[in-house]
Amino acid sequence: AAVERRLAEFRAARGSAVAAPRPADPPGVSAAPEPAEGPRAAVGPGGGAAQVRPAPTAAAVAPVWARPLLLKVLLWAVLLALFAELELGLPYFVLSLLYWMYACTRGPAERRPGELSAYSVFNPGCTAIAGTLTAEQLERELHYGPAVGR
């Protein structure tokens, strides 16, 4: 009953009280995606409309060839081919991996406020993150068994 009520609220927020049945497609023909109808309402946990998100326009989406990550990968591959032709492909590959590891490592200054490090020695007061297995917990479980029923 609650699901039906939420479905009715969703349909009312969307603007259609009853969904029209779609005709069956012939075998081997895939269904085409529905055209964008403009802004759509998202159904929140209470069943009402939570927020309205406009559909992305064609001008807002960058073409595939203009994405920065793709351009970087293509540049790296072209340089790899160039260095391989010069018989320096392996050093280029190793040095690029070392640079990638350096560039992706965040320092403590780049950490968000309240974010804990995975290594407890870098946290204030050596605070461990949730799910860390400590020596005390391991010793307790070896002597007394896991604390499942406690």
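Side-chain atoms are counted along with the backbone in the values below, which use heavy atoms only and exclude waters and symmetry mates.
By the rule that hydrophobic residues join a cluster once side-chain heavy atoms approach within less than 4.5 Å of another member, L133 and V121 end up as members of separate clusters. Note: the hydrophobic cluster containing L82 also contains L97 (ILVMFWY, side chain heavy atoms under 4.5 Å, direct or indirect links). Cluster annotation: V94 is not connected to F83 through the hydrophobic network of ILVMFWY side chains, with a link wherever side-chain heavy atoms come within less than 4.5 Å. L98 and L90 end up in the same hydrophobic cluster when Ile, Leu, Val, Met, Phe, Trp and Tyr side chains are linked at under 4.5 Å. L69 and L74 are members of different hydrophobic clusters when ILVMFWY side chains are connected at heavy-atom separations under 4.5 Å.
Rounding to the nearest 0.5 Å places CG of L116 at 9.5 Å from OG1 of T132.
Counting heavy atoms from C-beta outward, V3 and R6 have side chains that stay 4.5 Å or more apart.
Between W76 and F93, the ring planes lie tilted relative to each other; the angle falls in the 30° to 60° range.
For the salt bridge (charged side-chain N to carboxylate O under 4.0 Å, His left out) condition, no pair includes a residue of residues 116-139, sequence neighbours left out.
At distances below 3.5 Å, at least one donor-acceptor pair connects side-chain atoms of N123 with backbone N or O atoms of S117. Remark: side-chain polar atoms of S96 are paired, donor with acceptor, to backbone N or O of Y92 under 3.5 angstrom.
Counting all heavy atoms, side chain and backbone alike, G89 lies closest to L80 at O-CD1, 3.8 Å. Nearest heavy atom pair, residue T127 against residue S120, reads O-CB, 3.6 Å.
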